[in-house]
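Working notes for the structure below.
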Amino acid sequence: MSHAHNAPAPAVHFIRTLVEADNASAKWGGRVETRFPPEPNGYLHFGHAKSIFLNFGLAAEFDGVCHMRFDDTNPTKEEQEYVDAILEDVHWLGFDTSAHLYFTSDYFEQLYSFAESLIQGGHAFVDSQNAEEMRATRGTLTQVGTDSPYRSRSIEENLDLFRRMKAGEFADGAHILRAKIDMASPNINLRDPAIYRIRHAHHHRSGDAWCIYPMYDYAHCVSDALENITHSLCTLEFESHRPLYDWFLERLADAGHFTRPLPQQIEFSRLNLTYTVLSKRKLIQLVQENHVDGWDDPRMPSLKGARRRGFTPQGFKLFTDRIGISKSDSLIDMSVLEDCMRDDLNERAERRIAVLDPLKLVLTNVAAEHIEECYAPNHPQKPELGKRMVPLTRELWIEREDFMETPPKGYFRLRPDGEVRLRYGFIIKCTGFDKDENGKVTCVYAEVDFDTKSGTPGSESRKVKGNIHWLSAAHAVAAEVRLYDRLFAVPAPGARHEGDPAELERNFLDDINPNSKASTHVMLESSLAKAAPESSYQFERHGYFVADIKDHSAEHPVYNRTVTLRDAWSK
RNA sequence: UGGGCCGUCGCCAAGUGGUAAGGCACCGGAUUUUGAUUCCGGCAUUCCUAGGUUCGAUCCCUAGCGGCCCAGCCA
């Protein structure tokens with residue numbers, strides 16, 4: 001990807017520092033290999049974007065590679081549909097996965113034989129307690145656990161049982177393979193954690209070949225080692241799993257299955273954003289209970305939603321650079337992400353004219369059949385992008401908010417007897433207006449000063465502060481525009497509001513912004529109707545809009561508002 | 001509560017025993033035919049608190065305080 005603008009030097013953060021140190025000491029001979037390992041049980045969200053840019057970005061920076069790996073060890077939750085969707089999102093962000101695409105399920109055979117090796121080394125045993133018994137004997141945060149009565153089974157018996165587990169002789173839950181570590185460990189993850197469970201379920205890739213499946217803690221570190229990952233980056237909640245990660249790998253290395261150095265797990269803080277939720281559970285709930293229109297609803301913090309909203313890969317890249325990487329819990333304001341999208345879109349979205357709330361303006365001294373050719377630059381900072389002709393005629397559409405009968409102090413748009421410039425056209429003077437019985441303005445009248453046409457000599461001699469956009473009523477195209485706002489009305493959905501009674505428990509759904517979606521009928525420059533779906537434009541003085549990826553067509557143009565322009569006046 | 005991690009400007013975030021980078025936001029001012037963009041300037045005597053060590057501490061020590069994570073046969 002190229003990021004011509006705002007391309008600061010890569011921010012320094014502790015992981016990059018560590019990689020540099022490893023390179024300096026030649027720990028890996030200069031090799032840098034990372035991985036992005038989602039479970040294919042849902043769609044990717046904004047948080048994943050942070051991880052994707054970190055993993056793929058860091059690898060690229062050091063001429064290394066980043067593996068795309070699907071952590072598919074739980075057949076009851078995973079589906080091919082998610083694999084496809086995730087791949088699509090990663091590609092959309094700009095990364096190629098074709099040369100390094102992996103599935104944990106492809107390692108089932110090795111994972112299994114290493115597990116036998118663990119048993120043979122006396123490091124694992126088959127437990128025949130049920131789930132409740134295991135929970136009861138695990139202890140608590142303050143109390144140590146107690147050994148399983150099956151913990152001292154012989155290696156032979158463990159091996160026999162494990163093989164029969166694999167052969168399908170037992171029902172789900174009848175037995176489980178556990179690591180033999182320490183039931184008294186202050187780190188609960190080390191109290192003989194599960195390695196393999198019985199699951200008679202169809203796997204989306206391995207089919208019915210297996211009825212035992214490895215647990216994350218075991219499968220992940222082994223997969224990393226198998227792929228020669230050097231730096232295994234994950235979020236903070238896995239910090240207390242790191243001793244386990246190392247425990248498995250050390251024992252497998254001792255048994256001769258891996259050579260040292262062993263891959264290293266490094267944790268960083270996950271993304272937290274205001275005015276949204278990023279937990280998979282809550283996202284699923286939003287979709288399933290129809291609080292949004294699916295995973296690709298433009299208000300969703302999913303990458304599919306972002307794309308439909310008009311957010312850009314380059315904007316996400318800018319965002320991840322801006323927020324940095326660290327281990328401290330952070331809460332990033334949604335406005336930071338929105339600003340990044342503005343910055344990116346400002347750079348490369350062509351400008352167009354749209355009147356979102358049309359009000360008729362009649363130029364009384366322009367002949368009915370007259371067409372005045374005006375020219376608007378496609379990008380004010382990029383003359384090389386050229387200009388386009390916009391016809392000016394007697395009857396125009398202007399923005400309703402650009403005329404006020406009794407304007408407040410500081411307002412410098414159109415008012416009775418006031419002057420304003422029709423952008424790229426002439427200066428006009430308001431000569432009157434009509435109102436209906438409700439007092440609503442229905443039409444504004446004005447006269448053109450023909451000596452002031454934009455671009456002509458002398459047009460600069462007269463300055464007016466107001467500058468409004470317009471569209472020829474005879475040429476404009478009707479369209480639908482969807483105005484999206486933040487999905488939640490409060491910065492921390494589900495958190496207590498000040499003044500809440502102590503016993504009140506809030507649900508994040510209670511904080512949904514009821515006005516996060518509005519649809520309106522607007523007038524567009526005709527070229528906007530012909531634009532391809534997913535094309536982004538700046539509608540001058542309004543914001544950035546994208547032609548809807550699903551619903552937009554030349555016959556029925558549909559644009560989504562990505563983000564508004566910054567607006568110092570409305571404050 | 002046992003264990004682990006974290007606490008530097010409104011939000012992020014570097015930094016190191018030698019006297020607080022940077023970004024975003026914000027506030028001024030300039031340019032501007034988008035109240036946009038761009039540009040210029042301003043913006044932590046202070047690093048959770050209190051002691052201590054030191055010529056010197058955000059950094060080292062001690063004791064507190066605050067936050068996050070862990071008790072799935074989920075990842």
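No experiment lies behind these values; they were computed from the predicted model shown.
Using a 4.0 Å heavy-atom criterion, one finds that A:Lys280 contacts no nucleic acid atom at all. Across all strands shown, A:Gly455 has heavy atoms under 4.0 Å from base atoms, whether or not it also approaches the sugar-phosphate. Within 4.0 Å (heavy atoms only), A:Gly410 reaches at least one base atom of the nucleic acid. Among the heavy atoms of the strands, none lies under 4.0 Å from A:Phe319. Among the protein residues, A:Thr142 comes within range of the nucleic acid bases, having at least one heavy atom under 4.0 Å from a base atom. Here A:Tyr213 lies out of heavy-atom contact (under 4.0 Å) with every strand. Residue contacts shown for A:Glu540 include a base, since a base heavy atom lies under 4.0 Å away.
Between the CD1 atom of A:Ile15 and the P atom of B:rA14 there is a distance of 10 Å, rounded to whole Å. Summarising the geometry, the separation between CG on A:Asn467 and C1' on B:rA36 is reported as 12 Å, rounded to the nearest angstrom. Per the geometry, CG belonging to A:Asp343 stands 12 Å off C1' belonging to B:rA25, to the nearest Å. A:Phe268 has its CZ atom 16 Å from the C1' atom of B:rA13, to the nearest Å. In this structure, the CD1 atom of A:Ile266 is 15 Å from the C1' atom of B:rC5, given to the nearest Å. Taking atom CZ of residue A:Arg342 and atom P of nucleotide B:rU37, one finds them 9 Å apart after rounding to whole Å. Per the geometry, OH belonging to A:Tyr544 stands 9 Å off C1' belonging to B:rU34, to the nearest Å. Rounded to whole Å, the distance from CD on A:Glu20 to C1' on B:rA14 is 13 Å.
Within the 3.5 Å criterion, the main-chain N or O of A:Leu278 finds a donor-acceptor partner in the side chain of A:His45. Judged purely by atom type and a 3.5 angstrom limit, A:Asp224 has no side-chain atom pairing as donor or acceptor with the backbone of A:Ile229.
In this structure, the nucleotide among B:rC68, B:rG35, B:rG2 sitting nearest to the side chain of A:Asp329 is B:rC68. Picking from B:rC12, B:rG15, B:rA36 the nucleotide with the shortest atom distance to the side chain of A:Leu331 gives B:rC12. Residue A:Arg566 has its side chain nearest to B:rA25 when only B:rA25, B:rU1, B:rG4 are considered. The A:Lys327 side chain lies nearest to B:rC5 when the options are B:rG35, B:rC5, B:rA14.
Heavy-atom contacts from other residues, nucleotides or ligands closer than 6.0 Å to NZ of A:Lys387 number 12 or fewer.
B:rG64 and B:rG72 have their C1' atoms separated by 36 Å, with the value rounded to a whole Å. B:rA75 and B:rA14 have their P atoms separated by 31 Å, with the value rounded to a whole Å. The separation of B:rG2 from B:rC9, taken at their C1' atoms, amounts to 36 Å, rounded to a whole angstrom. Here, B:rA44 and B:rA13 have their C1' atoms 14 Å apart, quoted to the whole Å. Here, B:rC5 and B:rG35 have their C1' atoms 47 Å apart, quoted to the whole Å. Taking atom C1' on both nucleotides, B:rU8 is separated from B:rU45 by 15 Å, rounded to a whole Å.
The side-chain tip of A:Arg199 does not point at the ring of A:Tyr213 from less than 6.0 angstrom away and within 45° of straight on. Remark: A:Arg205 qualifies as a cation-pi partner of A:Phe103 under the 6.0 Å distance and 45° angle criteria applied to the six-membered ring.
When each of A:Ser326 and A:Asn346 is assigned the nucleotide of RNA chain B bearing its nearest heavy atom, the one mapping closer to the 5' terminus is A:Ser326. Comparing A:Pro380 and A:Ile332 by the nucleotide of RNA chain B that holds the closest heavy atom to each, the one mapping nearer the 5' end is A:Ile332.
Nucleotide B:rG17 carries an anti base; the chi torsion (O4'-C1'-N9-C4 or O4'-C1'-N1-C2) is more than 90° from 0.
Every residue two or more places apart in sequence or in another chain that forms a side-chain contact (heavy atoms from CB on, under 4.5 Å) with A:Arg415 is listed here: A:Pro407, A:Tyr411. For the salt bridge (charged side-chain N to carboxylate O under 4.0 Å, His left out) test, residues two or more places apart in sequence or in another chain that qualify with A:Lys327 are A:Glu239, A:Glu267. Under the salt bridge (charged side-chain N to carboxylate O under 4.0 Å, His left out) criterion, A:Glu81 pairs with no residue, sequence neighbours left out. Among residues two or more places apart in sequence or in another chain, the ring-ring contact (aromatic ring centres under 6.0 Å, His included) test is passed with A:Tyr559 by A:Phe539, A:His552. Residues passing the ring-ring contact (aromatic ring centres under 6.0 Å, His included) test with A:Tyr216 are A:His220, A:Phe238, sequence neighbours excluded. Qualifying side-chain contact (heavy atoms from CB on, under 4.5 Å) partners for A:Pro186, counting only residues two or more places apart in sequence or in other chains: none. Checked against salt bridge (charged side-chain N to carboxylate O under 4.0 Å, His left out), A:Glu401 has the following partners two or more places apart in sequence or in another chain: A:Arg413.
An OP1 or OP2 oxygen of B:rA13 is reached within less than 4.0 angstrom by a side-chain nitrogen or oxygen of A:Ser328.
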Once each nucleotide of nucleotides 69-75 of chain B is scored for protein heavy atoms under 4.0 Å, what B/S/- sequence comes out, 5' to 3'? SBBSBSB
What would the secondary structure line of RNA chain B be in dot-bracket form, counting Watson-Crick and G-U wobble pairs under 3.5 Å, with [ ] for pairs that cross earlier ones and | for pairs with another strand? .((((((..(((.....[...))).(((((.......))))).....(((((..]....))))))))))).....
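Counting distance only, with no hydrogens placed and no angle test, the side-chain atoms of A:Arg413 and the base atoms of B:rG35 include a donor-acceptor pair under 3.5 Å. In terms of polar N and O atoms assigned as donor or acceptor, the side chain of A:Gln538 comes within less than 3.5 Å of the base of B:rU34 in a complementary pairing.
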